[in-house]
Structures are given as structure tokens and as C-alpha cells.
Amino acid sequence: MIKQLDTALSKVNKRVGVNVKTPKVTKSKLKYSRYFTTAVGVGGLTLGIIGPSKSLLVLGTIGILSTIATTNEIRKI
């Protein structure tokens, strides 16, 4: 999915005439991102379950889903 996104951004950059370079994705960067989103996701879920804020519950769920997607991308690299 990351390669598809890079290809699409390159096409848009050429059409618009802008030279924007996207950073290279490495396993170490993806692992760091996975740890961060896991912490945010678990924290959001915990606070959403314990407290009255349902928006934190939703954000925590999105964080956990992001962790799963990042793990799948790490396996592809």
C-alpha cells in the first residue's frame, strides 16, 4: 500500500509541477510508528472505557486499527 501511495503522489507531483520528495519507509521507522500508535490506541481505549468520553474510545480503536495496518506493512517489506 505504501508503494501505491508513493506512485500516486509522484503522478500528482508531475501534473501539478511540484517536486516533493516523500521520505523512504524502513522497517525501523514502521516499528517505531507501530509502538507509538499502540501506546496511543491502548491509552485511548482505556480512558474511553473507564471515563465518559466516547470520542477517546473511537480514537483508541482507530489507533489499534492503525497498529494492525502498520504490522501488515512491516511484513510486506
Side-chain angles (χ1 to χ4, degrees):
M1 185 164 144
I2 293 174
K3 291 179 184 179
Q4 293 172 345
L5 182 61
D6 285 342
T7 304
L9 287 175
S10 295
K11 289 180 183 178
V12 170
N13 287 337
K14 287 180 183 177
R15 287 185 182 173
V16 176
V18 179
N19 187 12
V20 178
K21 293 184 179 180
T22 55
K24 297 288 184 183
V25 178
T26 62
K27 277 190 176 185
S28 63
K29 289 180 183 179
L30 285 175
K31 286 181 181 180
Y32 177 75
S33 174
R34 180 178 61 183
Y35 295 139
F36 182 74
T37 56
T38 300
V40 171
V42 169
L45 280 174
T46 303
L47 291 174
I49 292 171
I50 292 173
S53 177
K54 298 303 173 194
S55 61
L56 282 175
L57 183 67
V58 171
L59 289 175
T61 304
I62 292 171
I64 296 299
L65 292 174
S66 174
T67 300
I68 294 168
T70 304
T71 302
N72 289 334
E73 288 298 322
I74 290 171
R75 289 181 186 155
K76 290 180 183 178
I77 291 180

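It should be emphasised that the depicted structure is a prediction, and the values quoted were computed from it without experimental measurement.
Ser66 places no side-chain N or O within donor-acceptor distance of the main-chain N or O of Ile62, the cut-off being under 3.5 Å. Proximity of a side-chain donor or acceptor of Ser33 to a complementary backbone N or O of Lys29 within less than 3.5 Å is not detected.
Ile68 and Leu45 fall within a single hydrophobic cluster, where Ile, Leu, Val, Met, Phe, Trp and Tyr side chains are chained together by heavy-atom contacts under 4.5 Å. No continuous path of ILVMFWY side-chain contacts below 4.5 Å connects Leu47 to Leu59, so the two sit in separate hydrophobic clusters. When hydrophobic clusters are built by joining Ile, Leu, Val, Met, Phe, Trp and Tyr residues whose side-chain heavy atoms come closer than 4.5 Å, directly or via intermediates, Ile49 is not grouped with Val40.
Summarising the geometry, atom NZ belonging to Lys3 is positioned 13.5 Å from atom CG belonging to Leu5; distances are rounded to the nearest 0.5 Å. Distance CZ/Arg34 to OG1/Thr71: 4.5 Å, rounded to 0.5 Å. Distance check: Asp6 CG to Lys24 NZ gives 7.5 Å after rounding to the nearest 0.5 Å.
The shortest non-hydrogen separation linking Thr67 to Thr38 is CG2-OG1, 3.1 Å. Nearest heavy atom pair, residue Ile77 against residue Lys27, reads O-CE, 3.2 Å.
Using a 4.5 Å cut-off on side-chain heavy atoms (C-beta onward), Asn13 and Asn19 make no contact.
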